[in-house]
Peer 1: 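First, the structure itself, so that you have it in front of you.
Just so it is clear, the structure is predicted and the values come from calculations on it, not from any experiment.
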Amino acid sequence: QVQLVESGGGLVQAGGSLSLSCAASGHTFRWNAMGWFRQAPGKEREFVAVINWSGSRTYYADSVKGRSTVSRDNAKNTWYLQMNSLKPEDTAVYYCTASTYGGTYNDLNTYDVWGQGTQVTVSS
């Protein structure tokens with residue numbers, strides 16, 4: 001059974017940084033894409049960032065572009081989200097996800113495996 005486990009969330013002051021990790025287990029094939037979504041209280045889950053298997057392509061939501069970097073280490077079956085210059089509006093539960101077949105990168109229906117989520121709280 002494929003499983004994704006996030007780590008690295010926590011409480012940080014505005015302007016600070018956090019690095020999230022997503023460790024995958026139980027799969028024997030290459031993902032088409034690996035990414036991150038987030039969900040704030042009372043809001044829908046929204047796209048944050050995605051990277052393809054080779055690492056040659058990355059996409060970011062406008063809200064985090066220039067402040068975040070998504071990367072992966074295929075040998076470790078792990079991908080990462082480095083977030084800098086954090087803002088209170090970045091507060092959310094962050095979910096890592098993976099897509100077997102690909103598709104519209106910012107559509108959550110593209111992704112077929114999800115982690116349990118990790119809380120990121122940015123204080124002002």
Side-chain angles (χ1 to χ4, degrees):
Q1 183 178 354
V2 179
Q3 189 174 19
L4 306 182
V5 179
E6 301 97 338
S7 60
L11 175 64
V12 64
Q13 288 189 332
S17 299
L18 272 181
S19 181
L20 305 181
S21 299
C22 179
S25 62
H27 72 110
T28 58
F29 49 87
R30 293 184 177 185
W31 301 112
N32 182 285
M34 301 94 80
W36 296 89
F37 280 68
R38 67 186 182 186
Q39 188 167 17
K43 294 188 176 181
E44 294 185 350
R45 193 170 297 189
E46 64 175 9
F47 168 75
V48 177
V50 65
I51 187 168
N52 67 343
W53 178 263
S54 67
S56 62
R57 288 184 293 179
T58 58
Y59 298 100
Y60 298 91
D62 288 343
S63 57
V64 303
K65 195 175 296 182
R67 302 188 292 120
S68 298
T69 302
V70 61
S71 60
R72 90 282 176 266
D73 184 336
N74 293 337
K76 295 182 179 180
N77 292 326
T78 300
W79 53 101
Y80 310 91
L81 181 67
Q82 174 69 38
M83 299 186 293
N84 304 316
S85 302
L86 284 161
K87 306 174 182 180
E89 51 263 44
D90 292 317
T91 295
V93 177
Y94 283 71
Y95 297 90
C96 69
T97 186
S99 174
T100 303
Y101 301 108
T104 305
Y105 67 84
N106 59 353
D107 183 348
L108 58 82
N109 293 308
T110 293
Y111 301 89
D112 42 61
V113 182
W114 294 85
Q116 82 287 352
T118 186
Q119 177 70 46
V120 171
T121 302
V122 184
S123 63
S124 57

Peer 1: Kindly list each side-chain donor-acceptor pair under 3.5 angstrom involving residues 2-15, sequence neighbours excluded, with atom names and distances?
Peer 2:
residue	atom	partner	partner atom	Å
Glu6	OE1	Gln116	N	3.1
Glu6	OE1	Gln116	NE2	3.3
Glu6	OE1	Gly117	N	2.9
Glu6	OE2	Cys96	N	2.9
Glu6	OE2	Gly117	N	3.1

Peer 1: Measuring only between side-chain heavy atoms, which start at C-beta, is Leu86 closer than 4.5 Å to Leu18?
Peer 2: yes
Peer 1: With sequence neighbours left out, what residues match Ser54 under side-chain contact (heavy atoms from CB on, under 4.5 Å)?
Peer 2: Asn52, Ser56
Peer 1: Can you check whether Met83 reaches Val120 side chain to side chain, under 4.5 Å on heavy atoms?
Peer 2: yes
Peer 1: Answer yes or no: is there a side-chain heavy-atom contact under 4.5 Å between Tyr80 and Thr69?
Peer 2: no
Peer 1: So do Thr97 and Met34 actually touch side chain to side chain, heavy atoms under 4.5 Å?
Peer 2: no
Peer 1: Taking Thr78 for the side chain and Ala23 for the main chain, is one N or O donor matched with an acceptor at less than 3.5 Å?
Peer 2: no
Peer 1: Would you sort out whether Leu81 and Ser68 count as a side chain to side chain contact (heavy atoms under 4.5 Å, CB included), showing the intermediate values?
Peer 2: CA-CA 7 Å; Leu81 181 67; Ser68 298; 4.2 Å; yes
Peer 1: Between Asn32 and Ser99, does any side-chain donor sit less than 3.5 Å from a side-chain acceptor?
Peer 2: no
Peer 1: Has the side chain of Asp73 got a donor or acceptor atom that lies under 3.5 Å from a matching backbone atom of Trp79?
Peer 2: no
Peer 1: Working to the nearest 0.5 angstrom, can you tell me the gap between Ser17 OG and Gln82 CD?
Peer 2: 5.5 Å
Peer 1: Under 4.5 Å side-chain heavy-atom separation, chaining through any Ile, Leu, Val, Met, Phe, Trp or Tyr, what else clusters with Val93? Say none if it is isolated.
Peer 2: Phe37, Phe47, Val50, Tyr59, Tyr95, Tyr105, Leu108, Tyr111, Trp114
Peer 1: Might you point out which heavy atoms bring Ala92 and Gln119 nearest each other, and give the distance in Å?
Peer 2: O-NE2, 3.5 Å
Peer 1: Taking atom types as modelled, find out whether Glu89 and Thr91 have a side-chain donor-acceptor pair closer than 3.5 angstrom.
Peer 2: no
Peer 1: Who are the side-chain contact (heavy atoms from CB on, under 4.5 Å) partners of Thr100, not counting sequence neighbours?
Peer 2: Phe29, Trp31, Asp112
Peer 1: Going by side-chain contact (heavy atoms from CB on, under 4.5 Å), name the residues that satisfy it together with Lys65, two or more places apart in sequence or in a different chain.
Peer 2: Tyr60, Asp62
Peer 1: What's the separation between atom OH in Tyr94 and atom OG1 in Thr118, rounded to the nearest 0.5 Å?
Peer 2: 10.5 Å
Peer 1: For Asp107, enumerate each residue passing the side-chain contact (heavy atoms from CB on, under 4.5 Å) test, keeping only those at least two apart in sequence or located in another chain.
Peer 2: Thr104, Asn109, Thr110
Peer 1: Is there a side-chain contact between Arg38 and Ser63, using heavy atoms and a 4.5 Å cut-off?
Peer 2: yes
